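None of the values given here were measured: they were computed from a predicted structure.
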Amino acid sequence: TTLGDIVIDLDINRSPILTKNFLKLCKSRYYTQTLVYNVQALRFCQLGDPRGDGTGGCSIYGLIDAMEQDAVEKSKNRFLQLSTSERHTMELTKEETRNKGVVAVIPEMAGVSGIIGSQFLITLGQGEDMALDGLLMNTNALYLGRVAEDDFDVLSQINNLYCDKAGRPYTDVRIKRALIVHDPFDDPPGMAELLEHRKVLISNATTDSVLCSSSPEYDKPQEERVEERIAADDEHLHQPENEQQIAEKEEELEKKEAKSRAVVLEMLGDIPDADVAPAENVLFVCKLNPLTNDEDLTLIFSRFDPNAKASVVRDPLTEDSLCYAFVEFTTPQQCNEAYFKMNNVLIDDRRIKVDFSQSVSKEWNRYTQTLRTGANRRRGEPSFTTRPTLAYNSRHPNMESHPSRQSCWGAVATPSTVVYPETAMAPPPDSSSDRNKKYDEHRHNEKKHRDATTHEGGNGKGEKYDRRKEKRRRKEKRGRYEDDSSSSSSTSDGRHTSSRRRRTRSRSSDRHSKEKHRRTSSSKHADQRREEHSGRVKETHRRHHSSKMKHSSRR
């Protein structure tokens, strides 16, 4: 087959009629390039139909008759006819229906029972409720043989094929050739003419029991009706791989996994780019003597590059050497030369190890610095490079005096001022008085701003100006003023003036200016309201007087 070779042992004593028919069909090359057209996982696979849909096939006698009638369907000998006694001896036992690799024939095709042609099946599962167990209730399968050798594990490969709803695999698996190892039966009449008609050449080998022949050359049978699908190429799919191919596949798989991990780290923001790679002109040197310093390494590696720069990594607290360093060269060629010549060299009684650097710390520092600077600029906050500096926002012209732009120790940031603190987030020792002074000024400005936004009649605790409250307050105050003016109409002008002066003096200068402006703008409306009020009062007196006169006249 296209998936490998299998060897089938036929039971000629138990099923002589079926095995003779099967051997003569193989001899005439009837199974060449026929499809495995139906696969039921862990059950069976069906073969032997040249049409490829389960409706074709014939016996060897029908194939001989088809030479004269030009159609297998017209032959009366298309299918084998078996008696009940013959079928009874060929039927599968209960144990055989549960075994894997059993070759059997089902005497039923397209709903018609009692017919046996070229189609056969091979079981794929082993155990209860597998293979043919529980499937054939009305029609019992007939035993043909069993699979004796399966070195390429063909049955398992067929069982794992992807199939459509009808059971046909999406990959075309075909029987490439059916070779006869031993044929104990005589040829039926007309067999020689059939072989000549089908262009099959037979030649005897060293023994009479082994027949060697050449098959017809065609890609698929002429009777095939189904559409072709992807061909399973046994040379590419089942050729054993050597160690080099396995190593290449593992290396490719590791590269893909590393790429996927890098993409995840890029999405999480842990690396600037998934394709980031270490510098090719930097060497990693380890197993150094703790006494070896930067100058010593620079002098040693300067033989390869006069501009080489070596930096020993040290503990940030104790400044002790961590016994490894990085050496940067001008070109990758100089780096390669140093790698081949400086490995296992003795420096300060220590044999060092040299390798190409895998560190991307410089790229990472540059990436984080860019992110930090860009984010701070968008927020208008200080941006930091290698040392903390204070940013200046040009959108605010009075930024120097604004308290929010002062530094943590009271220094004011200007475009030409750059502050480099000795220790991070620690104020200079002589700036405590300046800090307190700036803080007091800031508190004073806040109090002044709060007093300016507090409306009249407020609680003095920073209550903000409210348009609705102010409008309601003015309306109530206006009503009190009208009541005072109406009650003072009966008094002298001097008394009214004096009380008015007393009220005016009690107000602050700001309130007096606001009230004066309000009265000036609304004097006309106040006069109209006073006239209307006096008219209403006179009308009330007149009605009261007329009612009294009417009451006295009645009495």
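- Within the 3.5 Å criterion, the main-chain N or O of L291 finds a donor-acceptor partner in the side chain of N289.
- With salt bridges taken as basic N to acidic carboxylate O contacts below 4.0 Å, one links E96 and R14.
- Of the possible polar contacts, none joining the E223 side chain to the G56 backbone as a donor-acceptor pair under 3.5 Å is found.
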Next on the checklist: Under the criterion side chain to side chain contact (heavy atoms under 4.5 Å, CB included), I'd like the reasoning laid out for T32 against I175: C-alpha separation, chi angles, the key distance, then a yes or no.
Outcome noted: CA-CA 6 Å; T32 301; I175 299 176; over 6 Å; no
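- Summarising the local packing, CD of E73 is surrounded by more than 12 heavy atoms from other residues, nucleotides or ligands at distances under 6.0 Å.
- For the atom pair L92 CG and Y143 OH, the distance stands at 8.5 Å (nearest 0.5 Å).
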Next on the checklist: Evaluate E328 against N281 for side chain to side chain contact (heavy atoms under 4.5 Å, CB included), listing each step before the verdict.
Outcome noted: CA-CA 6 Å; E328 183 177 359; N281 60 336; 4.1 Å; yes
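- Counting all heavy atoms, side chain and backbone alike, G54 lies closest to Y37 at CA-CE1, 3.6 Å.
- Between the side chain of T97 and the backbone N or O of K94 there is at least one donor-acceptor pair closer than 3.5 Å.
- Annotation: I230, atom CD1; neighbour count of heavy atoms from other residues, nucleotides and ligands within 6.0 Å does not exceed 12.
- Just one of N38, L144, V102, L132 meets the side chain to side chain contact (heavy atoms under 4.5 Å, CB included) condition when paired with L121; it is L132.
- Judged by distance alone, the side chain of Q157 and the main-chain N or O of F152 form a donor-acceptor pair under 3.5 Å.
- In this structure, the side chain of R78 does not engage the main chain of I116 through any donor-acceptor pair within 3.5 Å.
- Using a distance-only test at 3.5 Å, with no hydrogens or angles considered, no donor-acceptor pair links the side chain of N21 to the main chain of I17.
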Next on the checklist: Between V36 and L161, is the side chain to side chain contact (heavy atoms under 4.5 Å, CB included) condition met? List the steps.
Outcome noted: CA-CA 11 Å; V36 179; L161 292 174; 5.9 Å; no
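- For CZ of R314, the number of neighbouring non-hydrogen atoms (other residues, nucleotides, ligands) closer than 6.0 Å is greater than 12.
- The shortest heavy-atom contact between V103 and I122 is CG2-CG1, 4.1 Å.
- Side-chain contact between L288 and L297 is present, with at least one heavy-atom pair separated by less than 4.5 Å.
- With D294 contributing its side chain and V312 its backbone, the two residues share a donor-acceptor pair below 3.5 Å.
- At a threshold of 4.5 Å between non-hydrogen side-chain atoms, the residues N99 and T123 do not count as touching.
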Checklist entry - Are T55 and D53 close enough, and set up right, to give a side-chain hydrogen bond (donor to acceptor under 3.5 Å, both in side chains), and what steps lead you there? => result CA-CA 6 Å; T55 61; D53 55 1; 2.8 Å; yes
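- Remark: the N344 side chain and the K353 side chain contain an N/O donor-acceptor pair separated by less than 3.5 Å.
- The heavy-atom pair separating L63 from R198 by the smallest distance is CD1-NH1, 4.2 Å.
- Annotation for E280: atom CD does not count as buried by contact number, only 12 or fewer foreign heavy atoms lying within 6.0 Å.
- Tested against M342, the residues L283, I300, V285 include a single side chain to side chain contact (heavy atoms under 4.5 Å, CB included) partner, I300.
- K24 places a side-chain heavy atom less than 4.5 Å from the side chain of M191.
- With rounding to the nearest 0.5 angstrom, the CD atom of Q119 is 6.5 Å from the CD atom of Q46.
- The ring-ring contact (aromatic ring centres under 6.0 Å, His included) test with F284 is passed by exactly one of F356, F326, Y339: F326.
- Counting non-hydrogen atoms of other residues, nucleotides and ligands closer than 6.0 Å to NZ of K220 gives a total above 12.
- A salt bridge does not link E91 to R87: none of the charged nitrogens lies less than 4.0 Å from a carboxylate oxygen.
- Within the 3.5 Å criterion, the main-chain N or O of D315 finds no donor-acceptor partner in the side chain of T318.
- Across all non-hydrogen atoms, the minimal contact from P184 to L23 is CD-CD1, 4.0 Å.
- For the pair D172/E228, a side-chain contact is recorded, criterion being any heavy-atom separation below 4.5 Å from C-beta on.
- Side-chain contact between T2 and T171 is absent, with no heavy-atom pair separated by less than 4.5 Å.
- The CG atom of L25 sits 5.0 Å away from atom CD1 of I60, with the distance rounded to the nearest 0.5 Å.
- Nearest heavy atom pair, residue G190 against residue M67, reads O-CE, 4.0 Å.
- In this structure, the side chain of Y31 engages the main chain of S118 through a donor-acceptor pair within 3.5 Å.
- Looking only at atom types and distance, the side chain of S359 has no donor-acceptor partner in the side chain of S357 under 3.5 Å away.
- With a 6.0 Å radius and a threshold of 12 heavy atoms from other residues, nucleotides or ligands, E257 has its CD atom above the threshold.
- For the pair L35/R51, no side-chain contact is recorded, criterion being any heavy-atom separation below 4.5 Å from C-beta on.
- The shortest side-chain heavy-atom distance between Y30 and K27 does not fall under the 4.5 Å cut-off.
- Proximity of the aromatic rings of F22 and F185 is defined here by a centroid distance below 6.0 angstrom, and this criterion is not met.
- With rounding to the nearest 0.5 Å, the separation of CD1 in I352 from CG in N343 is 7.5 Å.
- With rounding to the nearest 0.5 angstrom, the CD atom of E252 is 9.0 Å from the CD atom of E248.
- For R229 (side chain) and P169 (main-chain N/O), a donor-acceptor pair under 3.5 Å exists by modelled atom type.
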Item to check | Derivation and outcome, side-chain hydrogen bond (donor to acceptor under 3.5 Å, both in side chains), residues Q33 and D219 | outcome: CA-CA 6 Å; Q33 298 296 336; D219 296 333; over 6 Å; no
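- Nearest approach of Y61 to P188, heavy atoms of both residues: CE2-CB, 3.9 Å.
- Between R174 and E224 there is a salt bridge, since at least one side-chain N of the basic residue sits less than 4.0 Å from a carboxylate O of the acidic one.
- By the 4.5 Å heavy-atom criterion applied to side chains, P290 and D320 are not counted as neighbours.
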Item to check | Audit row: S156, K100, side chain to side chain contact (heavy atoms under 4.5 Å, CB included) steps and yes/no | outcome: CA-CA 10 Å; S156 298; K100 180 180 179 180; 3.3 Å; yes
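- If you take CD on E86 and CD on Q81, they are separated by 11.0 Å, rounding to the nearest 0.5 Å.
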